[in-house]
Every structure is written in C-alpha cells, then in structure tokens.
Participant: 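Got a structure here, written out as structure tokens. Questions coming.
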Amino acid sequence: MTVRTILPFGDPLLRKACRPITEMSPRMLTLLTDLRETLYAEPGRAGLAAPQIGILRRAVVMDMGDGFREFINPEIMEAHGEQQSFEACLSYPGYYGRVTRYQYVKVKSIDREGQQLITEAEGGLAVCLQHEIDHLEGTLFVDRMKDGVLIHEVTKHRVPLLDVMKLANSRTCSLP
C-alpha cells in the first residue's frame with residue numbers, strides 16, 4: 001500500500017489513452033490499492049484515475065461521500081441530458097472550471113473479481129464518472145470547458161484557457 005504522487009498539469013502521460021486490464025494480477029491489485037490509498041491521502045478527494053499516478057491502465061476509484069467504488073475498464077454505455085457544474089482535478093490543484101457534462105450516464109465496468117457491474121448515475125456522481133473516464137482517454141476537464149477560464153479556488157483569480165494551453169505546450173506545471 002503506497003500513496004502515489006499525482007502527476008501535475010502538463011505531464012505528457014495525462015494525454016495518453018490507457019490499456020484495458022485483462023487479468024487481475026497481483027500487480028493490478030496493488031494498483032487498485034495504491035489508487036485507494038492515494039485518493040484517501042487527503043480529505044475531500046472524490047475520484048482518481050490510474051493515469052494520474054502514471055499508470056496507463058483503465059482503472060478508476062471514487063468516493064463521492066457514499067462509499068468507496070472501483071471501476072475497472074469502465075465504458076459509458078448510455079448518456080443523456082445536460083448539466084453544467086464546476087469541476088476540479090487533482091492534477092490541477094487549487095483550480096476549477098465550468099464544464100458541461102451529461103446529466104445521466106450508464107457505465108459498464110468490472111470489479112476485482114471480474115464480475116460485470118452496471119452503474120447508473122445522475123448529477124454529481126455522473127459528473128465524476130465522466131471526468132475520471134475521460135482521464136482514461138487522455139482527455140482533461142479543461143478540454144471540455146466552454147467559457148475558457150480556470151478559477152483559483154482561494155483568490156478567485158481567472159486564468160484564460162489560452163494561457164493554460166500555452167503552459168501545457170511548454171510543459172510548465174505551475175499556473176499563475
């Protein structure tokens with residue numbers, strides 16, 4: 001059990017698509033445990049995807065206040081409706097932005113025993129699932145922002161998305 005370092009904004013691994021998990025080996029079980037430990041290492045964390053700790057495998061863990069959940073090889077099977085919310089990301093510490101997502105998603109995944117799970121989600125859980133599944137495809141929440149700004153959670157300073165993209169291209173990992 002290890003708390004892993006979360007890759008920061010600008011790390012090229014965050015832009016890569018992940019491979020499916022084909023067997024639940026001891027290494028994959030360790031990955032799931034490390035994801036859990038890293039998620040719970042600080043209060044207030046809702047979700048974490050394997051690429052955020054540098055592992056390009058399709059695994060997500062979440063706790064939206066209703067208990068711990070693991071999603072192995074998650075796929076959105078159905079989605080509808082629309083909602084806007086403010087999202088944050090552990091790879092963009094201290095910043096958040098407005099994102100439009102589906103209101104409802106139906107997600108197929110497997111558990112660590114290989115049993116298929118179907119999860120239906122609305123509202124905040126649907127947002128978190130979509131956010132974390134996006135990570136598995138190399139998509140970040142800033143790619144889905146419509147208004148073009150990140151907001152600093154303490155100062156409320158607004159950072160234009162164009163500046164964010166310049167930072168990403170230069171691989172600089174700090175925001176103004």
Participant: Would you check if I118 and M77 make a side-chain contact, meaning some heavy-atom pair closer than 4.5 Å?
Facilitator: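 In short, these two side chains touch, coming nearer than 4.5 Å.
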Participant: Under the 3.5 angstrom rule, does the side chain of T155 hit a backbone N or O of H157 as a donor-acceptor pair?
Facilitator: yes
Participant: Can you get from L56 to L29 by hopping between Ile, Leu, Val, Met, Phe, Trp and Tyr side chains that sit under 4.5 Å apart?
Facilitator: no
Participant: Using side chain to side chain contact (heavy atoms under 4.5 Å, CB included), reason through I110 and F71 one step at a time and then give a plain yes or no.
Facilitator: CA-CA 6 Å; I110 59 172; F71 298 88; over 6 Å; no
Participant: Taking the side chain as every heavy atom from C-beta outward, state whether E120 and V105 have any atom pair closer than 4.5 Å.
Facilitator: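 A side-chain contact under 4.5 Å is absent here.
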Participant: Please report the closest heavy-atom contact between E153 and Y96, naming both atoms and the distance.
Facilitator: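 Heavy atoms only, the tightest pair is CA-CE2, 3.7 Å.
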Participant: I53, L90: one ILVMFWY side-chain cluster at the under-4.5 Å cut-off?
Facilitator: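 Yes, I53 and L90 fall within the same hydrophobic cluster.
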Participant: Please, which pairs that meet ring pair (Phe, Tyr, Trp, His ring centres under 6.0 Å) have at least one residue in residues 10-32, sequence neighbours excluded?
Facilitator: none
Participant: Please report the C-alpha distance between R19 and R58 in whole Å, then the side-chain angles of each, then the deciding distance to 0.1 Å, and finally whether the side chain to side chain contact (heavy atoms under 4.5 Å, CB included) criterion is met.
Facilitator: CA-CA 6 Å; R19 296 184 320 256; R58 297 187 65 82; 5.9 Å; no
Participant: Give a yes or no on this: more than 12 heavy atoms of other residues, nucleotides or ligands lie within 6.0 Å of atom CZ of R27.
Facilitator: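 Counting neighbours around CZ of R27, 12 or fewer heavy atoms of other residues, nucleotides or ligands fall under 6.0 Å, so no.
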Participant: Quick one: hydrophobic cluster around V154, which other residues, with the 4.5 Å side-chain cut-off, linked directly or via members?
Facilitator: none
Participant: Rounded to the nearest 0.5 Å, what separation is found between the CG atom of L129 and the CD atom of E122?
Facilitator: 12.0 Å
Participant: Any side-chain heavy-atom pair from H131 and D134 closer than 4.5 angstrom?
Facilitator: no
Participant: Evaluate the side-chain proximity of T2 to E37: yes if any heavy-atom separation is below 4.5 Å, no if none is.
Facilitator: no
Participant: Does NZ or CZ of R36 lie under 6.0 Å from the centre of the six-membered ring of F68, at an angle within 45° of the ring axis?
Facilitator: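 Yes, a cation-pi geometry holds between R36 and F68.
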Participant: What are the two closest non-hydrogen atoms of S91 and Q52, and how far apart are they?
Facilitator: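 Shortest heavy-atom separation between S91 and Q52 comes out as OG-NE2, 3.2 Å.
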Participant: Can you spot which of R98, R144, R101 makes a salt bridge (Lys or Arg N to Asp or Glu O under 4.0 Å) with E87?
Facilitator: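 The salt bridge (Lys or Arg N to Asp or Glu O under 4.0 Å) with E87 is passed solely by R101 among R98, R144, R101.
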Participant: Write down the atom of P51, the atom of L7, and the distance for their closest heavy-atom approach.
Facilitator: O-CD1, 3.3 Å
Participant: Are the side chains of H135 and L140 in touch, meaning some heavy atoms are under 4.5 Å apart?
Facilitator: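 Yes, their side chains come closer than 4.5 Å.
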Participant: Kindly indicate whether the side chain of L150, heavy atoms from C-beta on, has any atom under 4.5 Å from the side chain of R158.
Facilitator: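 A side-chain contact under 4.5 Å is absent here.
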Participant: Can a donor-acceptor pair be found, under 3.5 Å and without considering hydrogens, that links the side chain of E132 to the backbone of A49?
Facilitator: yes
Participant: Would a single hydrophobic cluster contain both M28 and L35, if residues Ile, Leu, Val, Met, Phe, Trp and Tyr are joined by side-chain heavy-atom contacts under 4.5 Å?
Facilitator: yes
Participant: Are V107 and M62 connected in a single hydrophobic cluster, I mean Ile/Leu/Val/Met/Phe/Trp/Tyr linked by side-chain heavy atoms less than 4.5 Å apart?
Facilitator: yes
Participant: Checking N73 side chain against S109 main chain: does a donor-acceptor pair fall under 3.5 Å?
Facilitator: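 Not a single qualifying donor-acceptor pair exists.
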Participant: Taking it one step at a time, do F86 and V99 satisfy side chain to side chain contact (heavy atoms under 4.5 Å, CB included)?
Facilitator: CA-CA 6 Å; F86 287 103; V99 178; over 6 Å; no
Participant: Which value, rounded to the nearest 0.5 Å, describes the distance between K106 atom NZ and H80 atom NE2?
Facilitator: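 So the gap between those two atoms works out to 9.5 Å.
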Participant: Going by heavy atoms in the side chains, are Y40 and D63 under 4.5 Å from each other?
Facilitator: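 In short, these two side chains touch, coming nearer than 4.5 Å.
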Participant: Looking at every heavy atom in both A59 and I21, which two are closest together, and how far apart are they?
Facilitator: CB-CD1, 3.9 Å
Participant: How long is the gap from CG on L31 to CE on M24, to the nearest 0.5 Å?
Facilitator: 8.5 Å
Participant: Output the distance between atom CD (E75) and atom CG (L136), rounded to the nearest 0.5 Å.
Facilitator: 10.5 Å
Participant: Taking the six-membered ring for Trp and the single ring otherwise, decide whether the centroids of Y92 and F141 are under 6.0 Å apart.
Facilitator: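 Judged by ring-centre distance (under 6.0 Å), Y92 and F141 do meet the cut-off.
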Participant: Decide whether I133 and L125 are clustered together by the hydrophobic rule: side chain heavy atoms of Ile, Leu, Val, Met, Phe, Trp, Tyr closer than 4.5 Å, transitively.
Facilitator: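 Both belong to a single hydrophobic cluster.
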Participant: Indicate whether the side chain of Q130 and that of Y102 have a donor and an acceptor atom separated by less than 3.5 Å.
Facilitator: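 No donor-acceptor contact under 3.5 Å links the two side chains.
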Participant: Drop me the distance from D11's CG to I6's CD1, to the nearest 0.5 angstrom.
Facilitator: 12.5 Å
Participant: May I have the step-by-step check of side chain to side chain contact (heavy atoms under 4.5 Å, CB included) for K108 and T119, ending in yes or no?
Facilitator: CA-CA 7 Å; K108 176 176 74 171; T119 304; over 6 Å; no
Participant: Would you say that S85 contacts V127 through its side chain, given a criterion of any heavy-atom pair below 4.5 Å between the two side chains?
Facilitator: yes
